[in-house]
Number of protein chains: 2
Amino acid sequence: MTDTPKARRPRSDGQRSRLALLAAARSAFMAGESDIRMDAIASRAGVGVGTLYRHFADRSALIEAVYADERDQLVASAPVLAARHKPLEALRQWMQLFVAYAATKKMMTPVLETVTGGAASLHERSGAPIIDAMQRLTSACVTAGALRDDIDPMDMLRAVYGVCTIAGDRPQQAVQFIDIVLAGARPGVTP
Amino acid sequence: MTDTPKARRPRSDGQRSRLALLAAARSAFMAGESDIRMDAIASRAGVGVGTLYRHFADRSALIEAVYADERDQLVASAPVLAARHKPLEALRQWMQLFVAYAATKKMMTPVLETVTGGAASLHERSGAPIIDAMQRLTSACVTAGALRDDIDPMDMLRAVYGVCTIAGDRPQQAVQFIDIVLAGARPGVTP
DNA sequence: AAGCTAAACGGAAGCATACTCCGCTTTTCA
DNA sequence: TGAAAAGCGGAGTATGCTTCCGTTTAGCTT
C-alpha cells in the first residue's frame, strides 16, 4: 500500500500555471477587487478556468494559498522577537506585524467571509498557527507580570483585526490602537 | 408638479405581506441561516418571490430593513444615557448595548459582507447614526477629561465589534473588553 | 352594490457565476 | 521515439438572485 510507483518529476507547465494563477489572484485581491470572478482570474493568468480548478479546489483554497506565504512569515517572526526583546515589547512588535499582515488581507476580507462555510472554516485552517504564536507571546507577558491573566489573548488580536478590517486604510491608527489595548491590559489598571 | 392626486390608503394586503416577510427574514437570520435563499424567505412568509421583491429592492435592502428597528433603538438610547450618567459611564453603558446589538447581528455578518457592494455601502447607510451617537458620547468624555483626545472613537467601537464578530458567542467577553479599551484610553496611561 | 383603477400578487423566465467533465495536448521518462 | 501520465481548455451544469408580466384584489367612486 502507498508504494511509490515511480515518483515522476512535477511537470514544468503545471508549476508555471500555478504560479501565474497565484500572481493573478494576489494582484486582483490586492487591488481590492474582492468580488472578482474565477474565470477572470484564470484569463488574467493566461489559462483556462479548468486549469484553475485543477490547482485549487475552490475559491477559498485559492485565497488561502495566496496568503499562506505571508502568514508563515508572520508566524515565524514570533519566536525571533521573543528571543530578542522583553515579553511585552515582543508582543507589541508582533502585533504591529500582524497589523501589516491584516492590512494586506483587508481587501479580501469580504472574500474570506463570503466563502462557503463562512469565516470559521478558513480562519481555523489558516489561523491556527497565528493563534498559537499569539498565545505564546502573551503567556510570556503574563509570566513576567506585564499583563493581566484574565484576558483572552485572542480578544486583543480580534480587536486589532477589527480596527484594521473595518477601518479604511489607516494602518497607522491600528498601530496606535495596539498601545491602547496593551495599556488597558496591564495589571492593576481599571477604568 | 408633485400634486397629490388622490392619496389613497395603502392596501392592507401589502402591509401584511411586508410584515410577514420581515418576520420570516428576521427569524431565519436569527437562526443563523445566513445563506438562506430568497425564495425560501418568501415561501416561509407565505408569499411569492415576486412579492418579496416588490417590497425590498434586493437582498441587502431586506437585511437592512430587518435590523433598522434595533439600530434605531440603540441610537435613541445614547442621549438618554448621556443625561442620566457621567460621560464615561454613559459611554461605557452604551458600548455594552452596542455589544448586544452586534451580537444579534453577528450571525448575519456574513450576509452583510456578502451583499454586493460589500460591507461599505451597507455600513454607511445603516451605520451613520451609530457613528454619530458614538462621537457625541466620546467627545463628552474628552471634555470631561475622562478620555484622551487623540483616539478615533470609531476605532474603539470597531475593536469591540471585531471582538464580537469574530469571536464565538461570548458577549460577556466583549463586555469585559470594553473596560480594557476604556482603561487604555484614559489620559496619562501608556504601555 | 357595482364598476373602475391602481396596487399587489405569483411564479416562470432570465441571467450571473461558481464549479465539473471530458476529449485533446504537452511533458516526462524509458 | 513512443507510451502514459499530467495538464489544459472551455462548453456544460447547477444554483440562486432578480425581473417581467399576466392575473388578482383592495380601495375608492357613484
Side-chain angles (χ1 to χ4, degrees), chain A residues 3-22 24-25 28-29 33-66 108 110-118 121-122, chain B residues 3-22 24-25 28-29 33-66 108 110-118 121-122:
Chain A
D3 62 319
T4 331
K6 286 291 164 53
R8 230 180 194 177
R9 177 155 43 114
R11 279 176 58 158
S12 55
D13 56 348
Q15 299 206 286
R16 227 179 313 121
S17 296
R18 188 189 166 83
L19 290 177
L21 282 164
L22 281 173
F29 292 148
E33 312 179 59
S34 55
D35 54 353
I36 186 154
R37 295 175 30 180
M38 295 300 267
D39 45 2
I41 292 176
S43 75
R44 282 195 206 183
V47 303
V49 68
T51 300
L52 193 164
Y53 281 95
R54 159 162 294 271
H55 287 283
F56 306 98
D58 56 15
R59 193 188 184 92
S60 119
L62 176 61
I63 293 168
E64 197 186 5
V66 165
M108 54 156 287
V111 188
L112 274 173
E113 314 284 12
T114 299
V115 294
T116 319
S121 64
L122 197 62
Chain B
D3 60 320
T4 331
K6 286 291 162 56
R8 228 180 197 182
R9 176 154 45 111
R11 278 177 58 159
S12 56
D13 57 346
Q15 299 206 287
R16 225 179 317 120
S17 296
R18 188 189 165 83
L19 290 178
L21 283 164
L22 281 173
F29 291 149
E33 313 178 58
S34 55
D35 54 353
I36 186 153
R37 296 174 30 177
M38 294 300 266
D39 44 0
I41 293 176
S43 74
R44 282 194 206 184
V47 303
V49 67
T51 301
L52 193 164
Y53 280 93
R54 159 160 294 269
H55 289 283
F56 306 98
D58 56 14
R59 192 189 183 91
S60 121
L62 175 62
I63 293 167
E64 197 187 6
V66 166
M108 53 154 292
V111 187
L112 275 173
E113 316 283 10
T114 300
V115 293
T116 319
S121 64
L122 197 62

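Reminder, nothing fancy here: chain letters follow the sequence lines and each chain counts from 1.
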Between the protein and nucleotides 2-6 of chain C, which nitrogen or oxygen pairs are less than 3.5 angstrom apart?
residue: C/dT5; atom: O2; partner: B/Arg8; partner atom: NH2; Å: 3.3
residue: C/dA6; atom: O4'; partner: B/Arg8; partner atom: NH1; Å: 3.4

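Between A/Arg54 atom CZ and D/dA5 atom P the separation is 14 Å, expressed in whole Å. Note: CZ (B/Phe56) to C1' (D/dT19) measures 18 Å, nearest angstrom. In this structure, B/Leu52 atom CG and D/dT18 atom P are separated by 10 Å, rounded to whole Å. Rounded to whole Å, atom P of C/dC15 lies 22 Å from atom CZ of B/Arg59. Taking atom CZ of residue A/Arg16 and atom P of nucleotide D/dG9, one finds them 11 Å apart after rounding to whole Å. The NE2 atom of A/His55 sits 15 Å away from the P atom of C/dT20 (whole-angstrom rounding). Distance A/Gln15 CD to D/dG7 P: 9 Å, rounded to the nearest Å. Here D/dT18 presents its P atom at 5 Å from CG of B/Asp58, a figure rounded to the nearest Å.
Residue-level contact check: B/Arg9 touches the backbone only, with heavy atoms under 4.0 Å from sugar-phosphate atoms and none from bases. Across all strands shown, B/Ser12 has heavy atoms under 4.0 Å from sugar-phosphate atoms exclusively, and none from any base.
Applying the 4.0 Å criterion to OP1 and OP2 of D/dG9, one finds that A/Thr51 has a side-chain N or O inside that range. In terms of phosphate contacts, B/Tyr53 brings a side-chain nitrogen or oxygen within less than 4.0 Å of OP1 or OP2 of D/dT18. OP1 or OP2 of C/dA8 has not a single side-chain nitrogen or oxygen of B/Ser17 nearer than 4.0 Å.
If you take CD1 on B/Ile41 and CZ on B/Phe29, they are separated by 4.5 Å, rounding to the nearest 0.5 Å. Annotation: the span from B/Ile63 atom CD1 to B/Phe56 atom CZ amounts to 11.5 Å, rounded to 0.5 Å.
Both B/Gly50 and B/Pro10 sit near DNA chain C, but only B/Pro10 has its closest nucleotide nearer the 5' end.
Of all the heavy atoms in A/Thr51 and A/Ser17, the pair that sits closest is CG2-CB, 4.0 Å. Taking each heavy atom of A/Met38 and A/Asp58 in turn, the nearest pair found is CE-C, 4.2 Å.
Of the residues in residues 37-47 of chain B, those placing a heavy atom less than 4.0 Å from an atom of DNA chain D are B/Arg37, B/Met38, in numerical order.
Evaluated for a side-chain contact (heavy atoms from CB on, under 4.5 Å) with A/Leu21, the options A/His55, A/Arg54, A/Arg44 yield exactly one hit, A/His55.
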